[in-house]
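Notes follow the structure.
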Amino acid sequence: MMAKIALSAGDMAFSAPEPELSVIVPTLNEAETVATLLAALAAQRDVALELLLCDGGSTDGTAALVRGRARDLPFPVTVTETPPGRGRQMNAGAAAARGATFLFLHADSIIANPLALRRGLDHLAAARRSDKWAAGHFRLRFAGDGPSPLAYRFYERKARLHRPGCTHGDQGLLIPREFFDQVGPFDEGLPILEDVRLAERIAAVGTWVLLPAEIITSIRRFETEGLRERQTLNAILMNFTAIGWQQGVEELVAGYRSQDRSGRLRLGPHLARIAGLTAALPRRERLRLWYLTGGYVRGNAWQIPLFLDVRNAWRRGGDDDATPLLSLHDRWFDLLTDNPAGRAAAALMTFLWFRLTLRREMKDWPGILRTP
């Protein structure tokens, strides 16, 4: 059962004028980050907004903290409490929102430019004059360089593209209410991927727009779990989702932990369980899955030349948008490999990578490697 409490600056939540923008933020034990988000939203200028904080059962006082600060904020605040699950939480926020446009935002995101939301709304409005069904996302910037600054620059550059799998919730999703009513709600069936699935539905019927301002997002999950480990599992999960292997999706989702419960990831056990699931399949089905995986990997091979383009710019000390190698890939390599032979070759290389990685990660667990 859902409980909802509405608060606002000066206790005027119900008499406040209808906001132009509804900022919807799902939280779960975000007491350490939400104060920074509130300050960033309070600094925004020339936009009438409301905040809907959708809490999934925090035990660290997140909801109470926001309620306590609501009277000091220059915009109305609604705290909605639901069972956990980002999709469920954001759907609850959208149902309570009053604005003509929604901004779905992560609690650890920071919008540094005080005109970011104003310019974002104006930019989206201009785009909608050409395509009514347009939604926007901000440019992504990771907070701090961390141990792998080049890797983070690559993910930032990738997030500016509108290719499949590049648009995620940490970029902020700005969408008109009427468009969300058409493509929403968020999928509540899984604790993750709700943002990716909505992004795909938006791309299928409308247009994605890159907004002019940046969102600064935390690298805390990568620092906690390991960048290589987390991104490897993310890539495998995206593959299983794309090829429709529900058993594999459920296996990886079962091992996913919310930020407050996350710890260092070990790839070996996850890969070993995937190997066991595939080994239990009939040989024909197993080969079909690997072939479909090859198709997915081949279709995402553009990330290699993009990384090389980003690396070259990084070495030059710049951060330009030039992507000559990516353009070359799109012009030649993609066309030459978009066939059964290209997909089969990608499947073989992926299989070899998987087995070698599994062996390396599980070298201390030799018994598991007996899986055929």
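- Using a 4.0 Å cut-off between a side-chain N of Lys or Arg and a carboxylate O of Asp or Glu, E214 and R139 do not qualify as a salt bridge.
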Below 3.5 Å, can you tabulate the donor-acceptor pairs from side chains in residues 165-173 to any protein atom, sequence neighbours excluded?
{"from": "H168", "atom 1": "NE2", "to": "G165", "atom 2": "O", "distance (Å)": "2.8"}
{"from": "Q171", "atom 1": "OE1", "to": "H137", "atom 2": "ND1", "distance (Å)": "2.9"}
{"from": "Q171", "atom 1": "NE2", "to": "C166", "atom 2": "O", "distance (Å)": "2.8"}

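- Of the charged side-chain nitrogens involved, none lies within less than 4.0 Å of a carboxylate oxygen, so that R119 and D46 do not count as a salt-bridged pair.
- R266 and E229 are not joined by a salt bridge, as no carboxylate oxygen comes within less than 4.0 angstrom of a charged side-chain nitrogen.
- We find that D334 and R298 are joined by a salt bridge, their nearest charged nitrogen and carboxylate oxygen being less than 4.0 Å apart.
- Comment: R118 engages D122 in a salt bridge, judged by a side-chain N to carboxylate O separation of less than 4.0 angstrom.
- Of the charged side-chain nitrogens involved, at least one lies within less than 4.0 Å of a carboxylate oxygen, so that E81 and R67 count as a salt-bridged pair.
- For R311, the salt bridge (charged side-chain N to carboxylate O under 4.0 Å, His left out) criterion is met by no residue, not counting sequence neighbours.
- Taking E200 as the reference, nothing meets the salt bridge (charged side-chain N to carboxylate O under 4.0 Å, His left out) condition, with sequence neighbours excluded.
- Taking 4.0 Å as the cut-off between side-chain N and carboxylate O, E178 and K132 count as a salt-bridged pair.
- No path of Ile, Leu, Val, Met, Phe, Trp and Tyr side chains, each step under 4.5 Å between heavy atoms, connects L211 with I202, placing them in separate hydrophobic clusters.
- Between E223 and R220 there is no salt bridge, since no side-chain nitrogen of the basic residue lies less than 4.0 Å from a carboxylate oxygen of the acidic one.
- Two rings, from F186 and F180, have their centers less than 6.0 Å apart.
- Remark: R331 pairs with S327, L328 by the side chain to side chain contact (heavy atoms under 4.5 Å, CB included) rule, at least two apart or across chains.
- A salt bridge is defined here as a Lys NZ or Arg NE, NH1 or NH2 lying under 4.0 Å from an Asp or Glu carboxylate O, and R98 with E18 fails to meet this definition.
- Between the side chain of D108 and the main chain of T217, no donor-acceptor pair closer than 3.5 Å is present.
- Applying the salt bridge (charged side-chain N to carboxylate O under 4.0 Å, His left out) test to R197 and every residue at least two apart in sequence or in another chain returns D187.
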Derivation of the side-chain hydrogen bond (donor to acceptor under 3.5 Å, both in side chains) call for R230 and N234: CA-CA 6 Å; R230 170 41 57 198; N234 284 348; 3.0 Å; yes
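- The ring pair (Phe, Tyr, Trp, His ring centres under 6.0 Å) analysis of residues 108-135, with sequence neighbours excluded, yields the pairs W133-F179.
- In this structure, I304 places its CD1 atom where only 12 or fewer heavy-atom neighbours from other residues, nucleotides or ligands lie under 6.0 Å away.
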